[in-house]
Amino acid sequence: QVRLVESGGGLAQAGESLRLTCTISGPTFSNDMAWYRQAPGQQRELVAHISADGDTNYVDAVRGRFIISRDIPKNTVYLQMNSLKLEDTGVYYCRIYRSNIWGQGTQVTVSS
């Protein structure tokens with residue numbers, strides 16, 4: 001059974017950077033993957049998506065600041081978050097795109 005485990009969240013000041021890691025347990029995995037986030041009191045939203053071929057897409061709010069990448073042999077997906085803003089605060093989840101397989105989430109808190 002495939003499991004996703006996120007890490008790398010924490011507290012950062014506005015303007016700083018964090019890198020999130022999603023580790024995929026199980027056989028080498030090349031499906032499309034995505035990062036989502038859920039801010040307090042808000043619905044969960046798609047932040048970034050990466051295809052098996054490495055094509056990427058971003059929500060407008062993070063385009064130019066966040067970078068999604070993957071290392072297929074290592075079964076790992078990353079989210080490099082630069083120039084963090086207060087509104088980036090939330091719980092970030094890794095997901096096998098368009099599936100019901102999610103990680104448990106990692107908290108990101110951005111302070112001024």
Side-chain angles (χ1 to χ4, degrees):
Q1 183 176 355
V2 176
R3 288 183 63 241
L4 309 179
V5 178
E6 301 97 335
S7 61
L11 179 63
Q13 290 192 321
E16 293 184 338
S17 299
L18 286 173
R19 188 175 81 157
L20 306 183
T21 299
C22 174
T23 302
I24 307 162
S25 66
T28 301
F29 201 80
S30 60
N31 288 40
D32 288 20
M33 298 293 297
W35 284 97
Y36 290 72
R37 69 184 178 190
Q38 187 165 18
Q42 303 295 319
Q43 290 188 334
R44 196 172 298 185
E45 64 170 349
L46 176 64
V47 173
H49 161 265
I50 185 166
S51 74
D53 295 331
D55 294 332
T56 58
N57 287 288
Y58 302 90
V59 67
D60 287 346
V62 308
R63 187 174 292 111
R65 300 188 297 120
F66 289 13
I67 302 170
I68 186 171
S69 62
R70 68 191 302 167
D71 186 330
I72 290 178
K74 293 185 178 180
N75 266 6
T76 304
V77 180
Y78 304 99
L79 185 67
Q80 178 67 41
M81 306 186 296
N82 301 319
S83 302
L84 284 164
K85 301 179 179 180
L86 298 180
E87 54 263 40
D88 294 320
T89 293
V91 180
Y92 284 70
Y93 299 89
C94 180
R95 179 192 185 190
I96 299 174
Y97 194 55
R98 293 180 178 168
S99 81
N100 62 354
I101 301 174
W102 297 78
Q104 82 289 349
T106 185
Q107 176 71 45
V108 171
T109 303
V110 183
S111 64
S112 59

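Just so we're clear, the structure is a prediction, and the values are computed from it rather than from any experiment.
Distance check: Cys22 SG to Arg95 CZ gives 12.5 Å after rounding to the nearest 0.5 Å. Between the NZ atom in Lys74 and the OG1 atom in Thr23 there is a gap of 10.5 Å [rounded to 0.5 Å].
Within the 4.5 Å cutoff, the side chain of Asp71 has heavy atoms near those of the Pro73 side chain. Counting heavy atoms from C-beta outward, Gln104 and Glu6 have side chains that approach closer than 4.5 Å. Between Val59 and Leu46 there is no side-chain heavy-atom pair separated by less than 4.5 Å. Counting heavy atoms from C-beta outward, Ile67 and Tyr78 have side chains that stay 4.5 Å or more apart. Considering only heavy atoms from C-beta on, Tyr97 stays 4.5 Å or farther from Asn31 through its side chain. In this structure, Leu84 and Phe66 have side chains that are in contact, with non-hydrogen atoms separated by less than 4.5 Å. Using a 4.5 Å heavy-atom threshold, the side chains of Val62 and Arg37 count as touching. Side-chain contact check for Trp35 versus Met81: every heavy-atom pair is 4.5 Å or farther apart.
Crowding of Arg63 atom CZ: a count of heavy atoms from other residues, nucleotides or ligands under 6.0 Å exceeding 12.
Criterion: ILVMFWY side-chain heavy atoms under 4.5 Å apart, direct or through other members. Under it, Tyr93 and Ile50 are not part of a common hydrophobic cluster. The cluster map of Ile, Leu, Val, Met, Phe, Trp and Tyr, joined by side-chain heavy atoms under 4.5 Å apart, puts Tyr58 and Met33 in the same cluster. In the hydrophobic cluster analysis, where Ile, Leu, Val, Met, Phe, Trp and Tyr join through side-chain heavy atoms closer than 4.5 angstrom, Val5 is grouped apart from Tyr36. A chain of hydrophobic side-chain contacts below 4.5 Å, direct or via other Ile, Leu, Val, Met, Phe, Trp or Tyr residues, connects Leu86 to Tyr92.
In this model, no donor atom of one side chain and acceptor atom of the other lie less than 3.5 Å apart for Ser51 and Asp32.
Looking at every heavy atom in both residues, Ser17 comes nearest to Asn82 through OG-OD1, 3.0 Å. The heavy-atom pair separating Leu11 from Ser111 by the smallest distance is CD1-OG, 4.2 Å. Residues Val2 and Ile96 share a closest heavy-atom pair of CG1-CD1, 3.8 Å.
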TODO: Report the C-alpha separation of Leu79 and Arg19 in whole Å, then their side-chain angles, then the decisive distance to 0.1 Å, and conclude whether the side-chain contact (heavy atoms from CB on, under 4.5 Å) test is met.
DONE: CA-CA 6 Å; Leu79 185 67; Arg19 188 175 81 157; over 6 Å; no
- [ ] Evaluate side-chain contact (heavy atoms from CB on, under 4.5 Å) for Glu87 paired with Val110, printing each intermediate quantity in order.
- [x] CA-CA 8 Å; Glu87 54 263 40; Val110 183; over 6 Å; no
Task: side-chain contact (heavy atoms from CB on, under 4.5 Å) evaluation trace for Leu18 with Glu16 - done: CA-CA 7 Å; Leu18 286 173; Glu16 293 184 338; over 6 Å; no
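In this structure a side-chain-to-backbone donor-acceptor pair under 3.5 Å is present from Ser25 to Arg3.
Looking at Asp88 and Lys85, no side-chain N of the basic residue comes within less than 4.0 Å of a carboxylate O on the acidic one, giving no salt bridge.
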